Amino acid sequence: MASERSRVLSGIQPSAGSFHLGNYLGAVRQWVSLQESYDTYYMLADLHAITVAQDPEALRTNTRLSAAQILAAGVDPERSVLFAQSHVPEHAELAWVMNCLTGFGEASRMTQFKDKAAKQGAEGTTVGLFTYPVLQVADILLYQPQQVPVGEDQRQHVELTRDLAERFNARYGETFVVPEAYILKETAKIYDLQEPTAKMSKSAASPKGLVNLMDEPKATAKKIRSAVTDTGSEIRFDRENKPGVSNLLNIYANLTGLTVQALEEKYQGKLYGALKTDLADVVVDFVTPFRDRTREYLDDPATLDKILAAGAEKAREVASPTLTAAYDKVGFLRPAR
Ligand code: ATP
Ligand code: LTN
């Protein structure tokens, strides 16, 4: 796999069963296009998933389901390395070293931790959740990637990665590539259909505004047709004054490749209902084959597991020498052979 191409690493937690439209348009779809020009490493972050309680059987099911959806979306296991984080022990090992390089105050400033901890309360918040960003640092640094494609919400974790890479390199000598966040465009941000100023999220208060790709297409069509729209009747992209319509136009544009401007022209003088009915069709046309492809992978778990095993092997080819180099720099004895 040695090549001149720069390397990319990203991850997604297999903590929910189905991906939603935001996960797809905001993350996984970019993973597919990045494989054209980069050496891509994509990880199911199952170690991260257990920072909040998971039912063991559900975690296993959701990990396969996430892998199946990533493949169904078009990530090609011949071109990308797709693997489960727990299959590559180097992640937990390098995370320990990174934990010992991270200030307690520094970790305490991570906003995602603060938000999640506030929701769970002190007793419900695990030390794992606290050190989650440091595990993410290890995930990234092991692969020496130049770029880390993530949503805006993950920018701070990539900044921490850069800080720790620089700190390690300064203390022990050049070891890690200092990576850059490849922040996906704002246009890739999808909002809740019922509350179009909040991002679409699996932890939304109500499922009515959440489009899960694996849901029954009929139910999905209904959700789109019941999306909230804004006062007035003009179909125009205006995030500030027309968040509902803008979100629908954006989803439409993202799924069809049409520009928002072309859509505004197409719907000039038409009513919101027409836009919603057409978008419902567009979404159904996308999710129907997507679900079928996902199910095909799920129906053959042995093949799915083999893809992940092959991915883990390729991942370790990169991760293991990086860990060895870091261990040497830190001053650990190498075990005698
Ligand atoms: P939660 O809100 O419960 O934390 P989530 O639904 O946001 O979860 P994550 O697992 O945090 O999903 O995100 C997985 C990936 O999907 C991340 O790269 C994230 O940036 C992206 N993503 C999540 N929601 C959206 C969204 N609404 N629009 C665009 N991208 C999104
Ligand atoms: N924290 C990320 C998932 C994730 C990740 C990574 C992303 C875990 N390790 C390494 C990029 C690089 C999330 O919740 N989206």
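Whatever order the structure lists ligands and atoms in, that order sets their numbers, starting from 1. The structure displayed is predicted, hence computed values, not measured ones.
- Looking only at distances, no side-chain donor or acceptor of Asn212 sits under 3.5 Å from a matching main-chain atom of Asp215.
- Side-chain contact between Leu71 and Leu304 is present, with heavy atoms from C-beta onward closer than 4.5 Å.
- Listed by number with element, the atoms of ligand 1 under 4.0 Å from a non-hydrogen atom of Gly151 are 20 (O).
- Judged purely by atom type and a 3.5 angstrom limit, Thr322 uses its side chain to pair as donor or acceptor with the backbone of Val318.
- With values rounded to the nearest 0.5 angstrom, Thr197 atom OG1 is found 5.5 Å from Glu195 atom CD.
- One N or O on the side chain of Ser33 and one on the backbone of Gln30 form a donor-acceptor pair closer than 3.5 Å.
- Under a 4.0 angstrom heavy-atom cut-off, Met43 registers as being in contact with ligand 2.
- Within the 4.0 Å heavy-atom criterion, both parts of Asn23, backbone and side chain, lie near ligand 1.
- Looking at heavy atoms from C-beta onward, Glu234 lies in side-chain contact with Lys242 at the 4.5 angstrom threshold.
- The ligand atoms of ligand 2 that sit less than 4.0 angstrom from a heavy atom of Leu9 are 10 (C), 12 (C).
- Listed by number with element, the atoms of ligand 2 under 4.0 angstrom from any heavy atom of Gln13 are 14 (O).
- The protein non-hydrogen atom at the shortest distance from atom 9 (N) of ligand 2 is Asp139 OD2, 2.7 Å.
- Close approach to Tyr132 involves these atoms of ligand 2, each under 4.0 Å from a residue heavy atom: 1 (N), 2 (C), 13 (C), 14 (O).
- The N/O atoms of Lys202, backbone and side chain alike, include one that comes under 3.5 Å of an N/O atom in ligand 1.
- Residue contacts with ligand 2, taken as heavy atom pairs separated by less than 4.0 Å, involve Ile140 solely via side-chain atoms from C-beta onward.
- The proximity of Met200 to ligand 1, defined as any non-hydrogen pair under 4.0 Å, involves the side chain as well as the backbone.
- Screening Arg162, Gln136, Met98 against Leu141 for a side chain to side chain contact (heavy atoms under 4.5 Å, CB included) leaves a single residue, Met98.
- Close contacts between ligand 1 and Gly26 involve ligand atoms 29 (C), 30 (N) [criterion: under 4.0 Å to a heavy atom].
- For Ser10, no nitrogen or oxygen atom sits less than 3.5 Å from a nitrogen or oxygen atom of ligand 2, counting backbone and side chain alike.
- Residue His20 touches ligand 1 through its side chain alone, judged by heavy-atom distances below 4.0 Å.
- Within ligand 2, counting atoms from 1 as listed, the ones closer than 4.0 Å to a heavy atom of His48 are 8 (C), 9 (N).
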When you look at Asp328 and Arg334, which way does the salt bridge (charged side-chain N to carboxylate O under 4.0 Å, His left out) test go after all the steps? CA-CA 7 Å; Asp328 279 348; Arg334 282 213 190 180; 2.5 Å; yes
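- Nearest heavy atom pair, residue Met214 against residue Ser18, reads N-OG, 2.9 Å.
- Of all the heavy atoms of Asp153, the ones lying under 4.0 Å from any atom of ligand 1 belong exclusively to the side chain.
- Heavy atoms of Ile12 approach ligand 1 to within less than 4.0 angstrom.
- Given atom 3 (C) of ligand 2, the protein heavy atom at minimum distance is Gly11 O, 3.5 Å.
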Please test Tyr42 against Phe83 for ring pair (Phe, Tyr, Trp, His ring centres under 6.0 Å), starting from the C-alpha separation and ending with a verdict. CA-CA 7 Å; Tyr42 298 131; Phe83 66 99; 9.4 Å; no
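- Of the listed residues (Ser15, Ala27, Pro14, Ser10), the one carrying the non-hydrogen atom nearest atom 17 (C) of ligand 1 is Ala27.
- For Arg29 (side chain) and Asn254 (main-chain N/O), a donor-acceptor pair under 3.5 Å exists by modelled atom type.
- Summarising the contacts of atom 25 (C) of ligand 1 with Ala45, Gly22, Ser203, Ala204, the nearest heavy atom is found in Gly22.
- The closest donor-acceptor contact from the side chain of Arg5 to the backbone of Tyr38 lies under 3.5 Å.
- With hydrogens and angles ignored, the 3.5 Å screen pairs a side-chain donor or acceptor of Gln85 with a backbone N or O of Asp46.
- Each of the atoms 8 (C) of ligand 2 lies under 4.0 Å from some heavy atom of Ala45.
- Side-chain atoms of Gln156 come within 3.5 Å of backbone N or O of Arg109 as a donor-acceptor pair.
- The backbone and the side chain of Ser201 each have at least one atom closer than 4.0 Å to an atom of ligand 1 (non-hydrogen atoms only).
- Follow the hydrophobic side-chain contacts under 4.5 Å out from Ile50 and you never reach Val52; the two are in separate clusters.
- Geometrically, ligand 1 and Lys199 share a nitrogen or oxygen pair separated by less than 3.5 Å.
- Heavy atoms of Val150 found under 4.0 angstrom from ligand 2 belong exclusively to the side chain.
- Taking the six-membered ring for Trp and thresholds of 30 and 60 degrees, Tyr132 and His157 have ring planes inclined between 30 and 60 degrees apart.
- The closest protein non-hydrogen atom to atom 29 (C) of ligand 1 is Ala188 O, 3.0 Å.
- Nearest protein heavy-atom contact of atom 28 (N) of ligand 1 is Ile190 N, 2.9 Å.
- Residue contacts with ligand 1 include Lys189, since one of its heavy atoms falls under 4.0 Å from the ligand.
- Closest heavy-atom approach to atom 10 (C) of ligand 2 within the set His157, Gln136, Gln154, Gln85: this belongs to Gln136.
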